[in-house]
Amino acid sequence: MQVLVEAPQHSGLTGPLDYLADQALPPGTLVRVPLGRRTVTGLVWDAPTADADAWAADQLKPVAEVLPDLPPLPPTWRQLVRFASAYYQRSLGEIAMMVLPPELRQLDAVQWGRRFKRLTKSLAQPPAATDAPEVLPDLTPEQQTVLDALAPSLAPGDAEPAPTTYLLWGSTGSGKTEVYLRQADRALQAGRQVLLMVPEINLTPQLEARVAARFAGRNIVSLHSGLTPAQRLRNWMLAHLGLADIVLGTRLAVFTPLPRLGLVVVDEEHDPSYKQQDGARYSARDLAVYRGQLEKVPVLLGSATPSLETWFNALPQAEGGAGRYQRLTMPSRVGQGAMPRVRRLDLSREPKPRPGQEAPPLAQALLDAIAERVARGEQSLVLLNRRGYAPVLQCSDCGWKSECPQCSAWRVFHKVDRTLRCHHCGLTDRVPRACPNCGNLDIHPLGRGTEKLEEQLAAALPDARVGRIDADVTKLKGALEDRLASVHAGEVDILVGTQMVAKGHDFRRITLVAAVNPDAALFASDFRAAERQFALLLQAAGRAGRDASVAQGSEMWVQTWHPDHPLYAALARYDYEFFAQQQLKERQMAGLPPYAHLAMLRAEGKTQEAAQGFLVEAAQLVEALAAELGGILLYPPVPTAVQRVANIERAQMLIEAESRPALQRLLARATDDWLALAHQHRPRGLVRWAVDVDPLAI
DNA sequence: AGCACGCCGACT
DNA sequence: GTCGGCGTGCTC
């Protein structure tokens with residue numbers, strides 16, 4: 001019998017292992033099997049294929065035990081795992097076991113039996129039905145139109161409708177969430193389960209509260225990595241047993257077995273968090289779309305600024321798109337709230353600071369505008385995408401800079417605890433009193449992060465209460481919630497933050513948003529930088545004027561050296577469509593997604609030569625195959641943007657293909673050879689290697 | 001990945 | 001004499 005066990009690719013155990021069993025167990029059954037000297041959890045897989053290498057019968061070990069009472073994982077779940085494994089070039093066992101609750105993988109049959117009994121007891125009680133059902137908000141005409149278009153997608157009955165992927169393109173504040181909830185309600189009414197995905201854990205509690213208020217009496221569970229192992233197991237079980245009606249989760253939730261699945265929603269589908277950035281680098285958004293097709297269930301992708309891939313897929317063929325998704329549009333903000341007026345502030349016209357004098361934190365006009373807000377009792381949000389006090393320290397005498405000894409990066413000066421911290425490897429030291437190189441006492445910060453901006457704003461506007469939200473102050477559990485609550489309570493006049501404040505939070509009294517230093521993205525080498533920046537700025541703008549009473553005078557300020565840049569011009573008009581068109585044109589000319597398909601072969605080694613040496617030979621191994629398949633380009637290996645992290649050198653090689661199937665065929669056939677090659681390169685200093693299919697950054 | 005076996009340096 | 005460093009190799 002074929003059983004999948006958890007084993008990374010490089011272990012060489014790529015396929016299922018063969019075990020003896022007295023009776024045939026259905027595929028999808030969880031078992032415990034002996035592996036080497038230990039016993040591990042495994043998953044019964046399909047019958048062996050004809051070409052599977054047979055293991056000598058006398059060497060087969062028997063299955064140790066079966067986890068009782070656990071319904072087998074359904075065929076569609078196994079197909080999703082099979083697809084993810086093949087598409088992202090990871091072993092079946094790794095994917096299958098990775099997407100099960102960690103707790104489940106650790107229990108033996110006895111422990112599991114006990115847990116299951118306790119679980120079923122607690123599952124028996126349905127949630128208390130509330131006495132007063134929520135009053136539904138009136139739908140805007142746009143919401144109504146969209147819901148009408150979505151109606152047939154769930155119609156039960158004889159003529160099975162073709163499953164469709166929808167792009168719900170709605171501006172920030174257009175009421176996308178209400179559409180999700182109404183459509184979810186339809187699915188629930190039809191007796192189906194709903195999978196609702198959000199990009200970040202941060203955003204689950206507030207959405208969960210809203211979902212719970214709407215669907216009182218329904219079983220709603222969340223699934224994300226912030227849960228305790230016991231909670232995660234419980235919620236997963238509820239979903240798998242068909243007892244949970246709504247699963248609310250982050251990217252890992254895409255693999256939740258749902259026997260009655262009727263709708264998948266991917267909120268903020270453009271968000272990079274949907275792509276796993278280590279291990280099996282899957283895109284939960286793309287897998288959600290696949291899963292929808294597989295299970296014949298509609299998938300609703302929502303965004304104000306869709307990823308260009310999704311936009312292209314939703315663009316009709318007549319307009320040069322792929323016409324694969326159906327596009328639904330909601331351009332207006334709910335409740336007359338207008339988007340804030342965008343003001344581009346030309347930094348080149350600002351007076352230059354006198355020599356030796358520091359530039360003011362913000363241009364005077366922007367500072368005045370914020371002061372005005374403070375005086376009126378309104379709030380402002382100032383965005384700077386760089387945490388810490390200063391990105392680097394420098395000695396004024398010998399020119400020493402605070403370089404990380406383990407990485408090719410500067411260590412960031414954090415003034416609050418007087419540390420130098422590497423944002424790549426985490427190495428932290430107290431900031432030196434004097435220059436470590438020459439002993440000079442005058443070492444000064446270069447540049448500016450959120451800490452310094454907070455300090456400068458407090459100094460420039462002594463009457464204002466300045467607060468800050470970034471990854472540093474929200475590290476502790478509950479800290480983000482506390483900070484947000486204090487902003488909501490009006491205890492903060494000016495909120496300084498990184499991109500994390502731009503996402504989703506519903507600030508009622510912010511009437512001014514300012515992007516302090518957004519230009520870097522305009523000239524970044526990363527081809528997705530502009531797309532991400534546009535999404536971020538538009539999302540940030542959406543934080544202002546959420547309350548119609550203050551929307552009128554709300555503003556979005558952009559401090560820039562390039563006020564006429566097309567990105568800002570499009571932002572000023574809130575013209576995503578124009579921006580997307582421009583970007584698509586550029587991508588087509590440059591042969592980039594969605595017009596080309598990419599994979600990145602990444603290598604890490606003790607030396608840069610070790611990493612690149614592997615890549616060079618890896619390229620040689622597939623050159624002939626690439627030529628045979630055609631339309632495939634292998635780029636020369638290069639060091640990654642941050643070349644060294646924690647004393648490991650990193651390099652990468654881009655593979656570009658005109659067609660996705662060709663790329664897939666290449667990778668499928670190359671992986672075994674690369675595995676063997678990596679084995680040879682191990683003694684030569686290769687540490688790790690991996691393929692990243694559809695990489696976000698190149 | 002685990003977890004072995006295996007062959008060389010500083011300790012009860 | 002052992003405890004333990006992590007290099008190499010295997011798991012149906």
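Residue numbers begin at 1 in each chain, while the letters A, B, ... track the order of the sequences. All heavy atoms count here, side chains included; hydrogens, waters and symmetry mates do not.
- Scanning for ring-ring contact (aromatic ring centres under 6.0 Å, His included) contacts around A:Y19 gives an empty result, with sequence neighbours left out.
- Looking at heavy-atom distances under 4.0 Å, A:P34 makes contact with sugar-phosphate atoms alone, never a base.
- Salt bridge A:D694/A:R281: absent, no basic N to carboxylate O contact under 4.0 Å.
- As a whole-Å value, the separation of A:L35 CG from C:dC10 P is 14 Å.
- Among the nucleotides B:dA4, C:dC12, B:dG2, the one closest to any side-chain atom of A:R37 is B:dA4.
- When rounded to the nearest whole Å, the span between CG of A:L17 and P of C:dC10 equals 15 Å.
- Atom OH in A:Y19 sits about 5 Å away from atom C1' in C:dC12, given to the nearest Å.
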For A:E103 and A:R234, what are the C-alpha separation, side-chain angles and deciding distance, and is it a salt bridge (charged side-chain N to carboxylate O under 4.0 Å, His left out)?
CA-CA 10 Å; A:E103 187 92 321; A:R234 175 182 176 275; over 6 Å; no
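- Rounded to an integer number of Å, the gap from A:H681 NE2 to C:dT8 P is 15 Å.
- Atom pair A:R32:CZ and C:dT11:P shows a separation of 20 Å (rounding to whole Å applied).
- Between the C1' atom of C:dG9 and the CG atom of A:L13 lies a distance of 12 Å, rounded to the nearest Å.
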Test ring pair (Phe, Tyr, Trp, His ring centres under 6.0 Å) applied to A:F255 and A:Y282, step by step:
CA-CA 11 Å; A:F255 290 103; A:Y282 64 88; 5.2 Å; yes
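- Atom NZ in A:K61 sits roughly 7 Å away from atom C1' in C:dT11 (whole-Å rounding).
- A:D18 places its CG atom 17 Å from the C1' atom of C:dC10, with the value rounded to the nearest Å.
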